[in-house]
There are 2 protein chains.
Amino acid sequence: MATGKKEQDASTEEKILAAARIVFTRKGFAATKVRDIAAEADINLSLVNYYFRSKEKLFEVVMAEAVQKLVFEIATIFNDEQLDIPEKITKAINYYIDLLLENPDFPLFLVNEIIAGDDMFTRYAQQNTLFKSHLFRQLYELKAAGKLSVHPVHIMMNVIGMVVMPFLARPLLERNELVKDNEFVTLMNERRKLIPLWLKGMLG
Amino acid sequence: MATGKKEQDASTEEKILAAARIVFTRKGFAATKVRDIAAEADINLSLVNYYFRSKEKLFEVVMAEAVQKLVFEIATIFNDEQLDIPEKITKAINYYIDLLLENPDFPLFLVNEIIAGDDMFTRYAQQNTLFKSHLFRQLYELKAAGKLSVHPVHIMMNVIGMVVMPFLARPLLERNELVKDNEFVTLMNERRKLIPLWLKGMLG
DNA sequence: CAACTTTTTTAAACAACTTTTCAAATTTTT
DNA sequence: AAAAATTTGAAAAGTTGTTTAAAAAAGTTG
């Protein structure tokens, strides 16, 4: 039986993980068959269970990784007391655009599981670090001082929406040739500057 | 075998459809069992196949409906030559907020299947009516006239993002008590006026 | 290096579950 | 009353996650 995790094996275990990342991310938990992962990894079916005990355990690993990537860096930015609101948001936007350009299927994957409510996200993300971050305090203070006319949540929803939505819509946009393959990247790079600009309008 | 579609039966067939809408929308295609639908509809398992031939066919019907609801009304608005850009967008925003307040699970459901790429969406949505609509022509003209500094797609992504994102994020927001149950509706109603306002900033 | 132990890999099969089919029973329509 | 449509329970056919037992490979020890 599988004993330790960290022998000297990087090969098979990592192949499975890599495959799992791809398939789970693309199709979600329910639609993914263990056989799909084995095929993608080009290994024997049984090895998935041998190394990860179960489909669910493997999924948890992949999900934990994803949440980590998504939350950890952002939490740091949000809690940096040196940065003002626009600085924080600009940094966060750039981090996410970078991340999502590399992992375009990420948003669906997470949104999917967030709503599925199996709640891996809630379990793994210490969301208090986000929702009770320094940034949020800054926004609430601004509101209290009468310098922000709307609920801070509006601002956050807009930022997230403006960053993430394009990635969710991407397949649609490209399928309809409204945006060509490489043009999408260009557009997202434009947005690095545009979103902070638009946001200034919302805050001011 | 199931022959025609439109006899005089409204009862069983409609019960199944209603159940399918609920379950498919909430859990997606793969996670939904025909048994779930039968249970939700409170009818015998076999009747699902009797009326809709297969799980997949049933899904297609539900998906087609959803896309219809999502696209048809909007296409009409987008192509109304009497309306200027802000009017069109305001109308569209209100339509979507109404629709999504009634069907909160819609966005995930669609986004899910858009990316799944089984492509029901592309098949059923005559997207040209959206992406080549009068609204788009208006935006491109504005751009050509130098009165809009960014690619029109940016504008569209923002509108969609600002409307849809909150619904995707809702479970997260409520789970973290950042937004209480009824407060969400209030916030979305605020957005009916706010989004057009923010948009004016982007267009001007 | 040869005998052994342990780890890894493989093919097969199990068991549980799911979709679909079927034939008979029931209800509705003509 | 006959015909057609609907409903039902059971079972067939197919998937899917997991287990098993044996083979192969790698590692260890005297």
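Keep in mind that what you see is a predicted model, and the values were worked out from it rather than measured. Residue numbers start from 1 in every chain, and the chains themselves are labelled A, B, ... in the order their sequence lines are given, proteins ahead of strands.
Rounded to a whole Å, the CZ atom of R53(A) is 10 Å from the P atom of dT18(D). What separates CG of L47(B) from C1' of dT27(C) is a distance of 13 Å, to the nearest Å. Per the geometry, CG belonging to L45(A) stands 10 Å off C1' belonging to dA11(C), to the nearest Å. As a whole-Å value, the separation of F52(A) CZ from dT19(D) C1' is 18 Å. What separates OH of Y50(B) from C1' of dT7(D) is a distance of 9 Å, to the nearest Å.
The ring of F59(B) has its center closer than 6.0 angstrom to the ring center of F24(B).
The list of salt bridge (Lys or Arg N to Asp or Glu O under 4.0 Å) pairs with a residue in residues 68-90 of chain B, not counting sequence neighbours, is empty.
In this structure, OH in Y50(B) is found 12.5 Å from CG in N44(B), a value given to the nearest 0.5 Å. Within the model, atoms CD1 of I160(B) and CE of M156(B) stand 5.0 Å from one another, a figure rounded to the nearest 0.5 Å.
Across residues 17-25 of chain A, not one residue has a non-hydrogen atom less than 4.0 Å from an atom of DNA chain D. Proximity of residues 32-43 of chain A to DNA chain D (heavy atom under 4.0 angstrom from any strand atom) is restricted to T32(A), K33(A), V34(A), R35(A).
For K55(A), the listed nucleotide lying nearest its side chain is dT18(D); candidates were dT18(D), dT9(C), dT6(D). Residue N44(A) places its side chain closer to dA11(C) than to any other of dT18(D), dT6(D), dA11(C). Minimum atom distance to the side chain of N49(B) is reached by dT21(C), of the listed dT21(C), dT18(D), dT7(D). Closest to the side chain of S46(B), out of dT19(C), dC22(C), dA11(C), is dC22(C).
A donor-acceptor contact closer than 3.5 angstrom links the side chains of N158(B) and R191(A). In this structure, a donor-acceptor pair under 3.5 Å is absent between the side chains of H151(A) and E190(B).
Partners of E174(B) under the side chain to side chain contact (heavy atoms under 4.5 Å, CB included) rule, at least two apart in sequence or in another chain, are R170(B), D181(B), F184(B). Every residue meeting the side chain to side chain contact (heavy atoms under 4.5 Å, CB included) condition with I22(A), not counting sequence neighbours, appears here in chain and number order: R26(A), E40(A).
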Quiz item: Which dot-bracket string fits DNA chain D when only Watson-Crick or G-U wobble pairs with both atom distances under 3.5 Å count, crossing pairs get [ ], and | stands for a partner on a different strand?
Solution: ||||||||||||||||||||||||||||||

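No hydrogens or angles were tested; on distance alone, nothing pairs the side chain of S54(B) with the base of dT19(C) as donor and acceptor under 3.5 Å.
Within the 4.5 Å cutoff, side-chain heavy atoms of I16(B) are placed close to those of F52(B).
Counting heavy atoms of neighbouring residues, nucleotides and ligands inside a 6.0 Å radius, atom NZ of K143(A) exceeds 12 of them.
At least one cation-pi condition fails for K57(A) and Y51(A): the charged atom is not both under 6.0 angstrom from the six-membered ring centre and inside a 45 degree cone around its axis.
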